[in-house]
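Please read the structure below before turning to the comments.
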Amino acid sequence: MNVLQEFELQEIENQEELKQRFQITGIDSLNWAFRKLSAYKAKAAEVEQLAQAERERIDRWEEEQKKSIQQNIEFFEQLIQEYHAKVLQEDPKAKTLSTPYGKSKARKTKAQPEKADENLLLQHVKENGMTEFIKESVKWGDLKKTLKVVEANGRQVVVDENGQVVPGVVVKPETITFGVEVE
């Protein structure tokens with residue numbers, strides 16, 4: 001934030017009444033409002049920059065602190081898992097070991113297929129006629145570029161490049177949005 005922007009903020013900060021009653025009535029008051037907006041955005045950027053720097057410093061401190069804690073957590077979890085595996089070998093029904101301070105749960109999952117190469121899998125499905133496993137969908141982004149909104153019988157409809165009304169597509173009404181840019 002530069003000196004002019006600081007002046008803009010000081011000018012308005014003590015005039016709460018002015019902020020409540022002020023209205024933009026012409027190019028001069030619009031320019032004044034943009035100066036104030038620019039100053040507030042510069043101030044917000046300064047606050048954000050300071051906060052980000054502090055967050056990064058605190059994150060580094062947190063990471064250093066947690067590193068040794070995490071190593072201890074992993075050590076004790078490993079001890080518990082090794083003990084539970086030993087107990088489970090002796091008693092296959094001992095799926096849960098419980099103490100007042102925690103539980104160790106063993107969960108067995110069956111071997112199952114896992115997709116590793118999409119292209120090889122698709123090729124196999126096609127070559128073996130398993131078309132029921134192929135998903136069919138419309139490339140909406142590409143199709144949308146070819147569609148037009150036209151007026152027919154007093155209402156707007158969506159037509160394709162051949163002029164046919166496209167079922168399953170509706171007209172999203174035109175809207176106007178406003179964006180404010182400050183330099």
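These figures come from a predicted structure and were not determined experimentally.
- Annotation for Asp160 and Val166: closest pair N-CG2, 3.5 Å, computed over non-hydrogen atoms.
- Summarising the geometry, atom NZ belonging to Lys66 is positioned 10.0 Å from atom CH2 belonging to Trp61; distances are rounded to the nearest 0.5 Å.
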message = side chain to side chain donor-acceptor pair (under 3.5 Å), that's the test. Do Glu48 and Gln52 meet it? Break it down for me.
response = CA-CA 6 Å; Glu48 188 175 309; Gln52 183 62 32; over 6 Å; no
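- Salt bridge present: Glu54 and Arg57 bring a charged side-chain N and a carboxylate O closer than 4.0 Å.
- Residues Asp28 and Trp32 form no side-chain contact, since every pair of their non-hydrogen atoms from C-beta on lies 4.5 Å or further apart.
- Partners of Lys115 by side chain to side chain donor-acceptor pair (under 3.5 Å), not counting sequence neighbours, listed by chain and number: Glu118.
- The number of heavy-atom neighbours closer than 6.0 Å to CD of Glu132, taken from other residues, nucleotides and ligands shown, is above 12.
- The shortest distance between side-chain heavy atoms of Lys148 and Val158 does not fall below 4.5 Å.
- Applying the side-chain hydrogen bond (donor to acceptor under 3.5 Å, both in side chains) rule to pairs touching residues 87-114 yields His84-Ser104, sequence neighbours excluded.
- Here CG of Leu37 is found 5.0 Å from NZ of Lys41. Values are rounded to the nearest 0.5 Å.
- With hydrogens and angles disregarded, a donor-acceptor distance shorter than 3.5 Å links the side chain of Asn128 to the backbone of His124.
- Within the model, atoms CZ of Phe133 and CG of Leu122 stand 13.0 Å from one another, a figure rounded to the nearest 0.5 Å.
- For residues 69-78, the set of pairs meeting the side-chain hydrogen bond (donor to acceptor under 3.5 Å, both in side chains) definition, not counting sequence neighbours, comprises Gln70-Glu74, Gln78-Glu82.
- Remark: Lys36 NZ to Phe22 CZ distance equals 9.0 Å, nearest 0.5 Å.
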